[in-house]
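For the numbers below, each heavy atom of this structure counts, side chains included, while hydrogens, waters and symmetry mates do not. Sequence lines set the chain letters: A, B, ... in the order given, protein chains first and strands last, and positions in each chain run from 1.
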Amino acid sequence: MPIALVDCNNFYVSCERVFNPKLEGKLVVVLSNNDGCAVARSSEVKALGIKMGEPWFKMKDIAKKHGIIAYSSNYTLYGDLSARVMSILSNFSPKQEIYSIDECFLDLNGFDPATLMAYAQKIRMTVKQSVGIPVCVGIADTKTLAKLANHCAKKLFAGNDGVCDFGMLTGIERSTLFARIPVGDVWGVGRRIAERLAVMGIHTVEDLRCADPELIRQQFSIVLERTVNELNGHPCIELDEVGTPRQQIMVSRSFGSPVMYLDDLAESVAYFTTLAAEKLRQDGSVASSLCVHVRTNPFSEREPQYQSSKIVALSQPTDNTTKLVKAALNGLNEIYRAGYRYKKSGVLLMALQPKGTIQPTLFDDPVEQAKSDNTMSVMDRINRKMGKGTLTIAASGITKRWAMRRESKSPCYTTEWSELPEVW
DNA sequence: ATGCTCCTGCGAA
DNA sequence: CTAACGTTCGCAGGAGCAT
């Protein structure tokens with residue numbers, strides 16, 4: 001029952017390189033929102049020892065010294081390229097689970113085990129040729145093992161051309177390999193759990209594989225017990241093909257610079273709510289309540305700190321931007337306190353359900369409902385065709401003094417005509 | 001005693 | 001010039017509450 005995990009290499013960096021081949025071989029990082037931390041690093045940058053999540057301002061000296069090129073993140077571009085990669089990959093298996101923006105599982109059940117390595121190479125070549133993104137492929141009998149195999153394809157076997165198939169290993173070879181990998185590299189084992197495992201003398205993947213599942217469940221959770229079983233080749237985590245609709249939708253951002261006044265905060269909350277509402281309608285869901293959240297900057301230790309949130313119930317489930325914004329602003333009014341320097345706000349849409357399943361009695365006025373649906377669908381269509389933010393509600397403001405910093409964003413090559421360089 | 005919701009911790013990318 | 005540290009999602013388990 002082989003499963004492949006296909007994962008893009010340094011995905012955001014690779015996206016930038018697709019449209020700017022001069023970046024090949026150079027030291028490149030992509031920064032998080034607000035140009036805060038490094039969230040993608042080229043292999044050359046990783047070799048310098050710069051860690052994932054490292055704050056940009058802390059590594060500026062090293063960056064200058066080595067000539068690191070930094071990009072602001074361009075999620076529009078990365079999302080579009082991701083969709084192209086996933087579409088190509090879907091041709092390689094009847095069952096695909098898109099796990100994140102840069103990786104997916106493929107069910108390879110029924111394929112001849114002896115041909116899987118070659119098949120994986122074909123996958124890599126096809127994606128590279130048609131989208132320009134390099135990927136690695138890990139193959140094994142469970143999702144946890146496939147993740148681990150992918151990790152090996154990337155890290156341990158530099159000479160193995162980006163593919164690793166655990167099906168090719170004997171039991172001894174596997175144990176020897178696992179004994180060289182720190183337990184923290186296993187899917188589902190983060191920093192905290194790794195620390196606690198270390199206390200128990202479990203340091204490597206092999207240690208965890210041989211641990212007593214019953215004990216692990218007792219000391220940790222059923223999740224980690226499943227991990228142990230999966231490491232032993234017993235599938236516990238199903239391939240999840242159907243994109244089960246989200247249970248909540250969150251939009252929040254740190255501000256480019258701190259905000260003091262309710263007006264600015266309200267603009268941001270209104271804007272984030274419109275973004276959340278767009279996602280909600282894309283999912284075909286409606287929300288029954290929402291949560292507004294604001295906070296000061298926890299890293300400014302000398303400043304007075306404040307954070308608060310408020311849950312607002314909606315009179316009936318809706319996907320209408322105007323109604324959601326009104327509710328969010330009501331909530332904001334209740335938690336706003338003057339005199340603080342706010343650094344972040346956010347909106348969480350909660351208690352989501354499929355739009356189709358709302359009880360008909362809730363549609364008291366079908367005419368109103370149809371009007372609302374029409375307005376929203378016109379807005380969505382215009383924004384999709386003419387670019388995000390073409391049509392917005394006034395409450396989200398024009399000036400956006402709080403807008404996030406994005407000092408070095410590349411053009412949205414695949415989605416914005418206006419951003420194409422003229423020479424093209 | 002049982003079942004529900006809410007909150008927190010943790011992990012992932 | 002200076003100051004500057006991400007976002008979004010799910011799951012499990014425990015606390016707290018109602019029945």
Side-chain angles (χ1 to χ4, degrees), chain A residues 5-13 29-41 50-61 63 70 72-73 75 78-79 82 97-105 143-144 147 150-151 154 183-197 216-227 236-237 240 243-258 272 275-276 279-280 283 288-289 291 293 295-303 309 311 313 341 343-352 404-407:
Chain A
L5 179 75
V6 185
D7 190 317
C8 302
N9 301 351
N10 320 326
F11 183 53
Y12 300 162
V13 169
V29 297
V30 173
L31 303 176
S32 65
N33 277 343
N34 240 354
D35 294 346
C37 308
V39 289
R41 305 152 295 157
I50 288 174
K51 277 177 286 184
M52 180 72 170
E54 181 91 348
W56 174 233
F57 76 91
K58 279 190 179 175
M59 56 189 241
K60 269 219 169 140
D61 284 345
S72 305
S73 44
Y75 284 106
Y78 310 151
S82 170
E97 174 187 339
I98 297 175
Y99 177 70
S100 74
I101 192 166
D102 77 330
E103 59 188 300
C104 75
F105 292 100
K143 287 167 81 170
T144 303
K147 291 276 286 185
N150 189 282
H151 180 263
K154 283 209 165 85
V183 73
D185 290 347
V186 172
W187 187 34
V189 180
R191 191 170 50 84
R192 311 289 181 117
I193 292 181
E195 281 170 17
R196 287 171 57 197
L197 285 170
I216 293 294
R217 177 188 193 138
Q218 213 181 79
Q219 300 281 315
F220 295 87
S221 68
I222 192 166
V223 181
L224 200 62
E225 183 192 18
R226 284 193 201 120
T227 301
C236 304
I237 310 173
D240 187 12
T244 32
R246 284 174 285 197
Q247 299 167 21
Q248 49 181 222
I249 292 173
M250 166 75 114
V251 176
S252 72
R253 298 273 186 284
S254 299
F255 303 137
S257 49
F272 299 157
L275 296 184
K279 294 188 189 183
L280 185 68
D283 282 10
S288 307
S289 66
C291 179
H293 179 255
R295 68 153 218 226
T296 52
N297 184 355
F299 293 102
S300 306
E301 284 169 13
R302 277 188 292 278
E303 279 188 46
S309 64
I311 296 176
R341 287 156 54 84
K343 182 63 176 171
K344 184 176 184 175
S345 73
V347 175
L348 177 65
L349 304 184
M350 306 189 308
L352 307 190
M404 65 182 179
R405 265 193 318 276
R406 289 215 287 181
E407 285 181 3

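Between A:Glu54 and A:Arg41 there is no salt bridge, since no side-chain N of the basic residue sits under 4.0 Å from a carboxylate O of the acidic one.
At least one side-chain heavy atom of A:Asn9 sits under 4.5 Å from a side-chain heavy atom of A:Lys154. Side chains of A:Asn33 and A:Arg253 form a contact here, defined as non-hydrogen atoms less than 4.5 Å apart. At least one side-chain heavy atom of A:Ile311 sits under 4.5 Å from a side-chain heavy atom of A:Cys291.
Atom CD of A:Glu54 and atom C1' of C:dA4 are 14 Å apart (whole Å). In this structure, the NZ atom of A:Lys143 is 12 Å from the P atom of B:dA13, given to the nearest Å. Atom CZ of A:Arg302 and atom P of C:dA3 are 11 Å apart (whole Å). Between A:Glu97 atom CD and B:dA13 atom P the separation is 13 Å, expressed in whole Å. Across the protein-nucleic acid pair, A:Asn9 atom CG and B:dA13 atom C1' stand 15 Å apart, rounded to whole Å. Between A:Asn150 atom CG and B:dA13 atom C1' there is a gap of 13 Å when expressed in whole angstrom units. For the pair A:Phe220 CZ and C:dG13 C1', the interatomic distance rounds to 15 Å; values are reported in whole Å. To the nearest angstrom, P of B:dG9 lies 13 Å from CZ of A:Arg196.
Rounded to whole Å, the C1' atom of C:dG6 lies 16 Å from the corresponding atom of B:dG11.
Below 30°, between 30° and 60°, or above 60°: for A:Phe105 and A:Trp187 the angle between ring planes is between 30° and 60°, a tilted geometry. Aromatic ring pairs are classed by plane angle as parallel below 30°, tilted from 30° to 60° and perpendicular above 60°; the pair A:Phe255 and A:Phe272 is parallel.
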Quick one, give me the B/S/- string for nucleotides 6-12 of chain C, reading 5' to 3', where B means a protein heavy atom under 4.0 Å from the base and S means that only happens at the primed atoms, P, OP1 or OP2.
SSSSSSS
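Closest-nucleotide positions on DNA chain C for A:Asn297 and A:Arg217 were compared, and the one nearer the 5' end corresponds to A:Asn297.
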Run the numbers on A:Arg226 and A:Ile222 for side-chain contact (heavy atoms from CB on, under 4.5 Å), then give the verdict.
CA-CA 6 Å; A:Arg226 284 193 201 120; A:Ile222 192 166; 4.1 Å; yes
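Contacts between residues 184-192 of chain A and DNA chain B, counted as heavy-atom distances below 4.0 Å, involve A:Val186, A:Trp187, A:Gly188, A:Val189, A:Gly190, A:Arg191, A:Arg192.
Using a 4.0 Å heavy-atom cutoff across all strands shown, A:Ile193 reaches sugar-phosphate atoms only and no base atom. Looking at heavy-atom distances under 4.0 Å, A:Phe11 makes no contact with the nucleic acid at all.
One distance of note links CG of A:Asp35 with CE of A:Met404; it measures 8.5 Å at 0.5 Å rounding. Rounding to the nearest 0.5 Å gives a distance of 10.5 Å between CH2 of A:Trp56 and CD of A:Glu407.
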